[in-house]
Amino acid sequence: MTLWIAFLVLLPPMVGGAEEVVVAVASNFAPVAEGLAEDFAASTGHEITLVAGSTGKLYAQIVRGAPFDVFLAADTARPARLVADGQAIPDARRVYAVGRLVLLGRADDLPTQVGPELLATGTFRHLAIANPSLAPYGVAAREVLRALELDVVLADRLVFGENIGQTFALVASGNAELGLVAQAQVIGDPARRSAAWLVPARHHAPIRQEGVLLARAAEKKSARAFLDYLATDEARRAIEAAGYEVP
């Protein structure tokens, strides 16, 4: 708690009616959230401060009293829990993006094209997935392996990232030859995209990413305005371009 108090004390004062909105954002969405925050700030004068992390860890921080105004989770379960516990506003929830998974490989190290057949061959040492207990993308990855009937066969080859960002890093660094990562992490890179397989949506439950206004910011119009901004055509186009589907 001391850390968050210190954080607030260090914030610069806002002028001219502008406010600061502190947004806890799932790490997979942090890159696109940066661009959205800049556009929102340019059009409203309000300032967005992003705090990125795994959905599970951010949720735990909110429960402990972290001073966030908006929570952009990578699932719908944790926002629902916050509403049920009186820590978030029921009428200020919205699905802002739907994530997709890709199987990403390091092409130079792999004998065949990246796809489910390669997973079945087992000609690799490590497959990286996000930790299912912390990250919704990890839950989806588990579901994919079950759908392919490979969850038992590959159990001893799994390595875990705390969040989807760390999972991607495990593959990019070569510590894992394969990884189930977010499509948003490869869509802008033609080289990586060519070494990736878009997992069919039928292999896992939809990764519906929901944002919610937290109770501490119930009267903060700028925080609610940022949530509303995510549903604008401009924001939806940016979210789609970043590799997500939009509701």
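Small disclaimer: the values here were computed from a predicted structure and weren't measured.
Under a cutoff of 6.0 Å and an axis angle of 45°, R81 and Y59 form a cation-pi pair. A cation-pi arrangement is not found for R216 relative to F68, the charged atom failing to lie both closer than 6.0 Å to the ring centre and inside a 45° cone about the ring normal.
Across all non-hydrogen atoms, the minimal contact from V63 to Q87 is CA-OE1, 3.7 Å. For H126 against N175, the heavy-atom pair with the smallest separation is ND1-O, 3.5 Å. Residue G105 comes nearest to L178 through the heavy atom pair CA-CD2, 3.7 Å, listed as atom of the first residue, atom of the second, then distance.
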Would you give me the side-chain donor-acceptor pairs under 3.5 Å for residues 160-168, sequence neighbours excluded?
residue : atom : partner : partner atom : Å
E162    : OE1  : K57     : NZ           : 3.0
N163    : OD1  : G165    : N            : 2.9
N163    : OD1  : Q166    : N            : 2.9
Q166    : OE1  : E162    : N            : 3.0
T167    : OG1  : A130    : N            : 3.3
T167    : OG1  : N163    : O            : 2.9

Report all side-chain donor-acceptor pairs from residues 239-247 shorter than 3.5 Å, counting only partners two or more places apart or in another chain.
residue : atom : partner : partner atom : Å
Y244    : OH   : N28     : O            : 2.8
Y244    : OH   : N28     : OD1          : 2.8
E245    : OE2  : R100    : NH1          : 3.1

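Side-chain contact check for L119 versus L103: some heavy-atom pair is nearer than 4.5 Å. Contact of the V70 side chain with the V212 side chain is not registered, since no non-hydrogen atoms from C-beta on lie closer than 4.5 Å. Counting only heavy atoms from C-beta outward, the side chains of L145 and L154 approach each other to under 4.5 Å.
Ring pair F226/F40 is perpendicular by interplanar angle, where above 60° counts as perpendicular and below 30° as parallel.
E210 and T76 are not linked by any side-chain donor-acceptor pair at a separation below 3.5 angstrom, with hydrogens and angles left out of the test.
Electrostatic pairing of K220 and E19 does not count as a salt bridge here, judged by no charged N lying under 4.0 Å from a carboxylate O.
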